[in-house]
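Remarks on the structure that follows.
Naming: A, B, ... by sequence-line order, numbering from 1 per chain.
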2 protein chains.
Amino acid sequence: MDFFKIAILNSVLAIFSFTIMPLKDIKESFKQVDTRSLVDKVEANLVGLLHQRKLKIGDVIPKEIELAEILGVSRTVIREALLRLRVMGLIESKKKKGAVITSPDLFGVMSKGMNPHILDQESLKEFFEIRLVLEIGMSDFLFQRITPNDIKHLKEVVSQEPKATQDYLFNIEHEIAFHGKLYEITGNETMKKFQKMLLPVFDYVHHSGLLKRQPVIKKFVSHKELVKILENGTPELFRNAMRNHLENHFARLFE
Amino acid sequence: MDFFKIAILNSVLAIFSFTIMPLKDIKESFKQVDTRSLVDKVEANLVGLLHQRKLKIGDVIPKEIELAEILGVSRTVIREALLRLRVMGLIESKKKKGAVITSPDLFGVMSKGMNPHILDQESLKEFFEIRLVLEIGMSDFLFQRITPNDIKHLKEVVSQEPKATQDYLFNIEHEIAFHGKLYEITGNETMKKFQKMLLPVFDYVHHSGLLKRQPVIKKFVSHKELVKILENGTPELFRNAMRNHLENHFARLFE
DNA sequence: ATATGTATTATGTATTACATAATAAAAGTA
DNA sequence: TACTTTTATTATGTAATACATAATACATAT
C-alpha cells in the first residue's frame, strides 16, 4: 500500500528531480510554499524598491490603476498595499496628485499602539527601564547643548515645586516638567518624541501594582542639586547624580 | 452686494441660531467641520474602545459585515480601518475566526520604516546619538543581571578580535558582536529590538559623510577593559569607561 | 480510531460604479 | 491686461456585490 503512495509521490516529484527517492528524502524535498497574500507581495515589492533606492523621498509612485495593471492585480490589492505604506508613514497620498514617498514619522506610528492597557506587563516594565537608561546616558548631550536660558528655566521649575516634593514626595507633574525639560535640552527630537510617547506608560506603571512596593527613601539627589551640577559640574558628575536621583525607581525594579 | 451675502449666510446659520448676527460673530459661529474620512472616524472609534478598556487583549471584535452594519458604512471602510489597526499590530485577523486584539509589536512596525535611505539626515544622526545614550545609561542593568557565562562569552568575543582592533582600528563586526551582547545582558528585550533595528542606521551613518571626519584617537578604553570592569568594577566605573570607549563617536558628533 | 472528505463561515480578492477633492484650463469680469 | 470665477479633468475615497480561499467543525469511510 505505502509502496503506491511513494510511487505517486515520486512521480509528482519527478517534476523536480526525475529520480526515485526514499520517503524521508521526499519530505525534505518539499520547499515551503509561499503562503503570502497578494497584498503581502505587492507591499514587499514596493518596500523593496525603497531599499534598492529605486525610489527616494519626493518621488511620486504610479497611480493606483497603473500599478494594478503593471503588477497584474486588482486595484483593491494595490490600495491595501499602499495603505500599509501610508500607515507606516512611508508615503502620503493626495487626491488628484497620487502618492509620494515621504520621510516616515516612525513615532507617529508607534504612539497609537502605545497604549498601556494593551501592552503586556513585561513590555511596560521594559519601557520604564529604558527611561532610566536614557536619562542617565543623556548627560554628555545635556552639557554639550545646554544654554543659560535652559538653566534659568530649570531653576524656575524647581522653585515652583512644593517644598515636600523637594525632600521625599513624588509629584508626577513636576517630574514631567523637570525631566521633560531635560529631554528638550538634549536637542534630540527623536528622543523627545520617545519620551513623550512613554509618558502615559510611566504614569500607568506607577499606579499599577506592576512594580514592587515603593521602599522608604532616606535621601536622594534632588532636582535642585541636579541643576546645580548642570550649571557647574561635569557630565560624569551628572550621570552619577542622576543615577542617585532615580534610585527610587531602580530600587523598585531591583527590589 | 455684501448685504446679500450676509443675508444668505444668516439664513444658513439660522439652522443653528435663528438670529441675525454681524459678520464678525458669524465667522466665530462656524465650528470647525470634521474633515476626517470615514475610515479615520471608524479607526478612531475602534482605537477609542481600546483606550476605554472596552476591548482588551484576546477579545474578538465583530465580523467585518457586522461592524459595517453597526457603524453604517460599507465593508470597504471597515476593512481599511481594521487594516490600519493590523498594520499597527493592534489586531490580528484570521480567516473564519475574525480579528482579535493583540499585544502590539511596536518595533515590528517601526523597523519597516527604518530604512536609512529614506530617513532624513537629522533623524539618522539622532538615532546614532540615542545609541550612545543607551549604552552609557544601561550600566546598572548590566551589573544587575550579568552572569558568569556572560562574562565568559564577552571574553571570547574580545579574544577573537584582531589585535589591531583592540588598539585603534574600528571593526564593525566586532563592534556589533560586543555591543550586541551587552544589550542582550540587560535582559531588556525592547532595548534589544531597538538596537537590532538601529544596526543598519549605524552602518549607514558610519559610511555616509554625515559625521565629521573621524579624528585621530590617541587612546580609549578597549572592549577588554570594559569586560574587566564588568567583572570587578561598579556601575559607576563602567559608565565612565563606556563614555570613554565611545569618545570616538562623541568626538565626531561634537566636533 | 484515525484519516479523509464536506459544509460552513469569515476574511481575501476582484470588479464596477460613483463621490469627492485638488488641480488645471477656460471663461468671464473689472 | 490682470484677476476672479466656472468648468472640466483626474486620481483617490467610498460603496456594493460577487466570488475565491483558508480555517474550522462536523460527517463519513476505511
Side-chain angles (χ1 to χ4, degrees), chain A residues 1-6 8-9 12 23 27 30 32-46 55 58-102, chain B residues 1-2 4-5 8-9 32-46 55 58-102:
Chain A
M1 189 68 105
D2 257 342
F3 173 78
F4 286 100
K5 287 188 182 167
I6 293 177
I8 292 168
L9 273 174
V12 168
L23 192 54
K27 284 186 184 168
F30 283 109
Q32 279 280 84
V33 60
D34 184 3
T35 69
R36 293 180 307 166
S37 72
L38 291 177
V39 179
D40 290 332
K41 292 174 192 166
V42 172
E43 181 198 351
N45 206 321
L46 291 169
L55 293 177
D59 285 356
V60 300
I61 59 186
K63 293 91 182 65
E64 293 176 353
I65 295 183
E66 288 175 25
L67 277 176
E69 282 167 3
I70 295 172
L71 300 177
V73 294
S74 75
R75 190 180 153 215
T76 311
V77 172
I78 299 294
R79 270 189 70 76
E80 192 158 327
L82 289 182
L83 175 54
R84 290 188 187 176
L85 300 190
R86 204 160 56 221
V87 173
M88 294 187 288
L90 295 181
I91 65 172
E92 272 178 10
S93 33
K94 293 260 181 189
K95 290 191 177 181
K96 166 89 178 184
K97 292 204 70 169
V100 300
I101 309 291
T102 61
Chain B
M1 189 67 109
D2 256 340
F4 286 100
K5 288 187 180 166
I8 293 167
L9 274 174
Q32 275 284 84
V33 60
D34 186 0
T35 69
R36 294 179 306 167
S37 72
L38 290 177
V39 180
D40 290 332
K41 292 174 193 167
V42 173
E43 181 198 351
N45 207 322
L46 291 170
L55 293 176
D59 285 355
V60 300
I61 58 186
K63 292 90 181 67
E64 293 177 352
I65 295 183
E66 289 175 25
L67 277 176
E69 282 167 4
I70 295 172
L71 300 177
V73 294
S74 75
R75 191 181 154 213
T76 310
V77 171
I78 298 294
R79 271 190 70 74
E80 190 158 327
L82 289 181
L83 174 54
R84 291 189 187 175
L85 300 191
R86 205 159 56 223
V87 173
M88 295 187 287
L90 295 181
I91 65 171
E92 273 180 10
S93 34
K94 294 259 183 191
K95 290 191 179 184
K96 166 90 177 181
K97 293 202 69 169
V100 300
I101 309 290
T102 61

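We find that A:Arg86 and B:Glu80 are joined by a salt bridge, their nearest charged nitrogen and carboxylate oxygen being less than 4.0 Å apart.
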Using atom names, set out every protein N or O paired with an N or O of nucleotides 18-22 of chain C below 3.5 Å, distance rounded to 0.1 Å.
residue: C:dA21; atom: O4'; partner: A:Lys95; partner atom: NZ; Å: 3.3

Let me see the working for A:Met88 and B:Val87 under side-chain contact (heavy atoms from CB on, under 4.5 Å), right down to the final yes or no.
-> CA-CA 8 Å; A:Met88 294 187 288; B:Val87 173; 3.9 Å; yes
Check the pair A:Asp40, A:Arg84 against side-chain contact (heavy atoms from CB on, under 4.5 Å), reporting the backbone distance first and the verdict last.
-> CA-CA 10 Å; A:Asp40 290 332; A:Arg84 290 188 187 176; 2.8 Å; yes
Walk me through it: do A:Leu82 and A:Ile61 pass the test side-chain contact (heavy atoms from CB on, under 4.5 Å)?
-> CA-CA 10 Å; A:Leu82 289 182; A:Ile61 59 186; 3.6 Å; yes
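At a non-hydrogen distance threshold of 4.0 Å, nothing from residues 63-72 of chain B comes into contact with DNA chain D. Of the residues in residues 81-89 of chain B, those lying under 4.0 Å from DNA chain C by heavy-atom distance are B:Arg86.
A:Glu92 CD to A:Leu85 CG: the interatomic distance, rounded to the nearest 0.5 Å, is 12.5 Å. For the atom pair B:Leu71 CG and B:Leu38 CG, the distance stands at 10.5 Å (nearest 0.5 Å).
Each of A:Ile91, A:Val100, A:Ile101 was evaluated against A:Asp59; a single residue qualifies, A:Ile101, per the side chain to side chain contact (heavy atoms under 4.5 Å, CB included) test.
Separating the CD atom of B:Glu92 from the C1' atom of D:dA23 is a distance of 15 Å, rounded to the nearest angstrom. Atom CD of A:Glu80 and atom P of C:dT13 are 6 Å apart (whole Å). For B:Ile78 and C:dG12, the CD1 to P distance is 14 Å, given to the nearest whole Å. The distance between atom CD1 of B:Ile91 and atom C1' of C:dA10, rounded to the nearest whole Å, is 13 Å.
Looking at heavy atoms from C-beta onward, A:Val42 lies out of side-chain contact with A:Leu67 at the 4.5 angstrom threshold.
Every residue meeting the side chain to side chain contact (heavy atoms under 4.5 Å, CB included) condition with A:Glu66, not counting sequence neighbours, appears here in chain and number order: A:Pro62, A:Lys63. B:Arg75 meets the salt bridge (Lys or Arg N to Asp or Glu O under 4.0 Å) test with B:Glu64; sequence neighbours excluded.
Across the helix from C:dA1-D:dT30 to C:dA30-D:dT1, the helix axis at one end is tilted relative to the axis at the other end by 10° (nearest 10 degrees, each axis from five pairs).
Minimum interatomic distance between A:Ala68 and A:Ser74 (heavy atoms only, all atoms of both residues): CB-C, 4.0 Å.
Heavy-atom neighbours of A:Lys41 NZ from other residues, nucleotides or ligands within 6.0 Å: above the threshold of 12. For B:Ile65, the CD1 atom is loosely surrounded, since the number of other residues' heavy atoms within 6.0 Å does not exceed 12.
The base of D:dA16 is not paired with the side chain of B:Ser74 by any donor and acceptor separated by under 3.5 Å.
OP1 or OP2 of D:dT12 has not a single side-chain nitrogen or oxygen of A:Arg79 nearer than 4.0 Å.
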